[in-house]
Amino acid sequence: MEEDKRTLGFICPVCGQSVIIERTIFQLAAAVNHLPCPCGKSELVVEMAGSQCHMLVPCIFCEKDHKVTCSSNALLHQDLLAFSCAASGLDCCYVGREDRVFAAMGRLEGAVDKLIAHSHLEKGEQEEGSSFLDSVVMEEVLGEVKDIAARGGISCACGSREYGIRVGYSTVDLTCAQCGATLRLPAATADDIDDICCKNTLLIQEKEA
């Protein structure tokens, strides 16, 4: 019987290439996992410690390693976990099912390419930076969120339908007013528009105890 596997992905802050690695649940649980980029200059570190998992995540955006913690159960079984950079608001690492991680990494690569192009434009033309990575994408995503909300389609797994909205540089966060759980919606590329256009409802996942 084939062992359950997890796929982990990040973008190396040194060489800029996407790194996608597969590990079995046993491998992740048995020892500290050092998952390096082929260039050898960055690595994702995963350490299971009972009910919690501690990770050291390389970040393409701030070029620092983020220390993050999540439940071991979520790391081993959730379809997709996303870890983001607090400074940029953008995701920097994914763990989950292979198909979900590959799709998320594709969107992340698009966001990174756009961010690099935007940075070069600012340096070349000395233009004032936008409040968003892509204002058109952000406007479309917010419009879709508004439409879903108007249909009563936003709720939390805890049962609440009250929430707050926080708009970031390339993301929109919906936070449950009752339990504090947050649903992060990417708003950086055209794929993010396509993704939310396919949704009739948005469910904020209840925080784990």
Exercise for review: Determine whether the side chains of Thr182 and Thr175 contain a donor N or O and an acceptor N or O closer than 3.5 Å.
Suggested key: yes

**Study point:** Hydrophobic cluster identity match, Leu28 and Val32, side-chain contacts under 4.5 Å
**Key:** no

Exercise for review: Just grab all the salt bridge (Lys or Arg N to Asp or Glu O under 4.0 Å) pairs involving residues 14-35, residues at least two apart or on different chains.
Suggested key: Lys5-Glu22

Exercise for review: Over all heavy atoms of both residues, which pair between Ser18 and Ile11 is shortest? Give the atoms and the distance, please.
Suggested key: OG-CG1, 3.8 Å

Donor-acceptor contacts under 3.5 Å from residues 136-156 side chains, at least two apart:
from   : atom 1 : to     : atom 2 : distance (Å)
Arg151 : NH2    : Asn200 : O      : 3.4

Review point. What distance do Leu90 atom CG and Ile60 atom CD1 have between them, rounded to the nearest 0.5 Å?
Key: 11.0 Å

Revision key, fill the gap. Interatomic distance, CG@Asp173 vs OG@Ser84, rounded to 0.5 Å, equals 7.5 Å

Point to revise | Linked, directly or transitively: Ile193 and Leu183 (ILVMFWY side chains, under 4.5 Å) | key: yes

Check your understanding: With distance as the sole test, does Asp113 use its side chain to make a donor-acceptor pair with the main-chain N or O of Gly110 at under 3.5 Å?
Key -> no

Point to revise | Rounded distance [0.5 Å steps], CD1 in Ile20 versus CZ in Phe102 | key: 4.0 Å

Review point. So how far is it from Leu75 CG to Phe83 CZ, rounded to the nearest 0.5 Å?
Key: 6.0 Å

Exercise for review: Starting from the C-alpha separation in whole Å, work towards a yes-or-no answer on side chain to side chain contact (heavy atoms under 4.5 Å, CB included) for Val172 and Ile165.
Suggested key: CA-CA 7 Å; Val172 177; Ile165 297 179; 3.8 Å; yes

Review point. Taking all non-hydrogen atoms of both residues, which atom of Ala104 and which atom of Leu80 are closest, and how far apart?
Key: CB-CD2, 4.2 Å

Review point. Is the backbone N or O of Leu76 less than 3.5 Å from a side-chain atom of Arg6, with the two atoms forming a donor-acceptor pair by type?
Key: yes

Point to revise | For Asp91 against Phe61, the heavy-atom pair lying closest together | key: O-CE1, 3.0 Å

Review point. Hey, any chance Ile21 and Val57 share a hydrophobic cluster, counting ILVMFWY side chains that come within less than 4.5 Å of each other, even indirectly?
Key: yes

Review point. Could you walk me through whether Leu108 and Met105 pass the side chain to side chain contact (heavy atoms under 4.5 Å, CB included) check?
Key: CA-CA 5 Å; Leu108 180 59; Met105 286 294 291; 4.2 Å; yes

Which atom pairs, donor and acceptor, lie under 3.5 Å between side-chain atoms of residues 33-46 and protein residues at least two apart or in another chain?
from  : atom 1 : to    : atom 2 : distance (Å)
Asn33 : ND2    : Gln27 : O      : 3.0
Asn33 : ND2    : Ala31 : O      : 2.8
His34 : ND1    : Glu43 : OE2    : 3.1

Point to revise | Backbone N/O of Asp192 and side chain of Arg107: donor-acceptor pair under 3.5 Å | key: no

Check your understanding: In Å, rounded to the nearest 0.5 Å, how long is the span from OG of Ser170 to CG of Leu185?
Key -> 11.5 Å

Check your understanding: Considering all heavy atoms of both residues, which atom of Pro13 and which atom of Cys59 are nearest to each other, and what is their separation?
Key -> CB-O, 3.3 Å

Exercise for review: Kindly compute the distance separating OG (Ser71) from CE (Met48), expressed to the nearest 0.5 Å.
Suggested key: 8.5 Å

Point to revise | Closest heavy-atom pair and its distance - Gly168, Phe132 | key: O-CD2, 3.3 Å

